[in-house]
Engineer: 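My questions all concern the structure below.
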Amino acid sequence: MKPLNRVSIYFDRVDSAYSLLYEKHLAFEENPNQRTSEELKQAIGEFKDKFFAYKYMIRDLYFKNWL
C-alpha cells in the first residue's frame, strides 16, 4: 500500500472516532446519566486506540524512509 493511502485511511479512522466522541460528549452534556457516561468512556477509548495507531503508523513511515 502506498504511504499516502495509508496515512489517508488512518486519518479517516481518527476523524470518524473523533466525530463519534464529539457526539457522545454532547449527549452526555445534555443528559448526564450512567448510560451516556459509559458510551462516552467507550468513545474515548476508541478514539485513543485510533489516534495511537495513526501516531505509530506516521512514526514508522518516517523512520522507514529516513533510516
Engineer: Enter the distance from Ser37:OG to Arg35:CZ here, rounded to the nearest 0.5 Å.
Structural biologist: 11.0 Å
Engineer: For the CZ atom of Phe11 and the CE atom of Met57, what is their distance to the nearest 0.5 Å?
Structural biologist: 10.5 Å
Engineer: Identify, with sequence neighbours excluded, every residue that meets ring-ring contact (aromatic ring centres under 6.0 Å, His included) alongside Tyr22.
Structural biologist: none
Engineer: Taking only residues at least two apart or on different chains, which pairs with a member in residues 8-28 satisfy salt bridge (charged side-chain N to carboxylate O under 4.0 Å, His left out)?
Structural biologist: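 Applying salt bridge (charged side-chain N to carboxylate O under 4.0 Å, His left out) to every pair that reaches into residues 8-28, excluding sequence neighbours, yields Lys24-Glu39.
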Engineer: Can you name the nearest heavy-atom pair linking Tyr10 to Tyr54, along with the distance?
Structural biologist: CB-CD1, 3.6 Å
Engineer: Nearest 0.5 angstrom please: Glu30 CD to Leu26 CG, how far?
Structural biologist: 6.5 Å
Engineer: Does Phe28, at its CZ atom, have more than 12 non-hydrogen atoms belonging to other residues, nucleotides or ligands within less than 6.0 Å?
Structural biologist: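 Enclosed.
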Engineer: Atom CG in Leu40, atom CD in Glu29: separation rounded to 0.5 Å?
Structural biologist: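 The CG atom of Leu40 sits 9.5 Å away from the CD atom of Glu29.
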Engineer: Specify the closest pair of heavy atoms between Leu20 and Glu46, including all atoms of both residues, with the distance to one decimal.
Structural biologist: CD2-OE1, 3.9 Å
Engineer: Tell me, which pairs form a salt bridge (charged side-chain N to carboxylate O under 4.0 Å, His left out) where one or both residues lie in residues 49-58, sequence neighbours left out?
Structural biologist: none
Engineer: Measure the spacing between CD of Glu38 and CD of Gln42 and express it to the nearest 0.5 Å.
Structural biologist: 8.5 Å
Engineer: Counting N and O atoms only, with roles assigned by atom type, does the side chain of Thr36 sit under 3.5 Å from a partner on the main chain of Ala27, one being a donor and the other an acceptor?
Structural biologist: no
